[in-house]
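Just below is one structure, and these are the notes that go with it.
FYI, side chains are in, hydrogens and waters are out, and symmetry mates aren't considered; it's all heavy atoms of this structure. Atoms within each ligand, like the ligands themselves, are counted from 1 in listed order. This one's a predicted model, so the numbers in the text were calculated from it and none came from an experiment.
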Amino acid sequence: MKKIAVFVSGGGSNFMAIHHQIKQGKIPGEIVLVISNNPNCGAIQFAEENSIPVLIINETRYPNPHTLNELLTDTCLKAEINLICLAGYMKMLPPAFVKQYENKILNIHPGLLPEFGGKGFFGMRVHEAVINSGKRESGATVHFVDEIYDHGPIILQKKVEVLETDTAESLAARILKLEHELFPEVVKAFCENKIIMENNTPKILAYNEN
Ligand code: GAR
């Protein structure tokens, strides 16, 4: 059973999708910690309603980045965290923390990385940029996190067609639905030890491979 920490900033629908599949027994893991920069978001409310311990970290509470990094690292080590999921977490993690959990931090991005990624590309801004670009395809990506924003090795992507009639909002809604399939699928593969690294590229083993 893997111990999972989920980082959130907003509504938390991806967090809820993972939580749901765990409760259904589909993922051999347990969400033991939810961390957020935003104490008032829907995701934190959901965590509290489900008795999952919560940690709030932000520059207001912890202005010194070293203190923040130490708190994060100590908390995750004490909780014996095996996997970290960034589920709509809108802050950069401290580089030392990312190093400590190399290839153990998953991020979901609402676009087909490496396109429409990097600083400034988050949430609705990704969908607006896709619509403005005239691209006929978008989707969602789950990747391992490294020290560079939206840059780490890609594990799995799912695509959707961008329709003539799409607005950023309609595209966002369609992609969010896809995210709720994609993210739990990757979390499940991680928890089953089915993600291996081959020449720095993650590979999901088929169910008959070991
Ligand atoms: C999701 O679309 C996720 O891909 C995106 O924020 C949304 C969070 O929704 N993440 C990023 O843009 C990260 N750069 P949720 O809170 O309902 O899961």
Side-chain angles (χ1 to χ4, degrees), residues 4-23 27 31 33-50 52 54-58 83-95 97-98 105-133 135 137-160 162 166-188 190:
I4 305 170
V6 183
F7 283 61
V8 290
S9 296
S13 68
N14 277 289
F15 157 42
M16 293 172 201
I18 296 166
H19 181 264
H20 183 67
Q21 293 220 5
I22 287 175
K23 289 291 151 206
I27 298 174
I31 299 173
L33 186 60
V34 172
I35 299 179
S36 181
N37 58 306
N38 179 2
N40 301 315
C41 65
I44 289 302
Q45 194 184 330
F46 181 81
E48 284 170 348
E49 283 164 8
N50 287 277
I52 303 171
V54 160
L55 173 70
I56 304 296
I57 46 156
N58 53 43
L83 169 66
I84 290 164
C85 296
L86 307 188
Y89 185 63
M90 299 304 178
K91 293 279 175 186
M92 200 71 186
L93 290 173
F97 182 77
V98 172
I105 309 177
L106 302 174
N107 179 47
I108 186 144
H109 181 80
L112 295 176
L113 291 175
E115 285 192 298
F116 304 105
K119 215 171 159 39
F121 282 110
F122 56 86
M124 202 52 86
R125 294 207 196 170
V126 177
H127 307 298
E128 281 161 4
V130 170
I131 295 282
N132 291 337
S133 75
K135 294 254 175 196
E137 202 174 55
S138 189
T141 303
V142 175
H143 65 97
F144 280 129
V145 170
D146 67 9
E147 285 91 339
I148 305 168
Y149 208 86
D150 291 336
H151 171 268
I154 292 172
I155 302 167
L156 195 61
Q157 296 186 307
K158 282 187 195 281
K159 295 179 179 176
V160 291
V162 179
D166 263 329
T167 59
E169 286 74 18
S170 64
L171 183 60
R174 213 157 60 251
I175 290 178
L176 194 60
K177 259 185 140 171
L178 200 68
E179 292 182 41
H180 299 160
E181 296 166 18
L182 174 67
F183 209 176
E185 186 176 333
V186 178
V187 171
K188 177 179 161 73
F190 185 98

TODO: Walk me through it: do Ser13 and His180 pass the test side-chain hydrogen bond (donor to acceptor under 3.5 Å, both in side chains)?
DONE: CA-CA 8 Å; Ser13 68; His180 299 160; 2.8 Å; yes
TODO: Describe, in one word, how the ring planes of Phe46 and Phe15 are oriented to each other, choosing from parallel (under 30°), tilted (30 to 60°) and perpendicular (over 60°).
DONE: perpendicular
- [ ] Identify, for atom 16 (O) of ligand 1, the protein heavy atom at the shortest distance, and state residue, atom and that distance.
- [x] Gly12 N, 2.8 Å
Open item on the list: Once you restrict to heavy atoms under 4.0 Å, what part of Val8 touches ligand 1? Side chain, backbone, both or neither.
Closed with: neither
TODO: Provide, to 0.1 Å, the distance between atom 8 (C) of ligand 1 and the closest protein heavy atom, together with that atom's residue and name.
DONE: Gly88 CA, 3.6 Å
- [ ] Counting heavy atoms only, name the option from Lys91, Lys119, Glu179, Met90 that's nearest to atom 3 (C) of ligand 1.
- [x] Glu179
TODO: Considering only non-hydrogen protein atoms, determine which one is nearest to atom 17 (O) of ligand 1 and report residue, atom name and distance to 0.1 Å.
DONE: Ser13 OG, 2.6 Å
Task: N or O contact, Asp150 vs ligand 1, cut-off under 3.5 Å - done: no
Task: Shortest protein heavy-atom distance from atom 14 (N) of ligand 1, along with the residue and atom involved - done: Phe122 CB, 3.7 Å
Task: Check: Asn37 side chain, Asn58 main-chain N or O, donor-acceptor pair, under 3.5 Å - done: no
Task: Full working for side chain to side chain contact (heavy atoms under 4.5 Å, CB included) between Ile155 and Phe190 - done: CA-CA 10 Å; Ile155 302 167; Phe190 185 98; over 6 Å; no
Task: Shortest protein heavy-atom distance from atom 12 (O) of ligand 1, along with the residue and atom involved - done: Gly123 N, 2.8 Å
- [ ] Please confirm whether the backbone N or O of Ser170 pairs with a side-chain atom of Thr167, one donor and one acceptor, at under 3.5 Å?
- [x] yes
TODO: Say whether, by atom type as modelled, one donor and one acceptor occur between the side chain of Thr141 and the main chain of Gln157 under 3.5 angstrom.
DONE: no
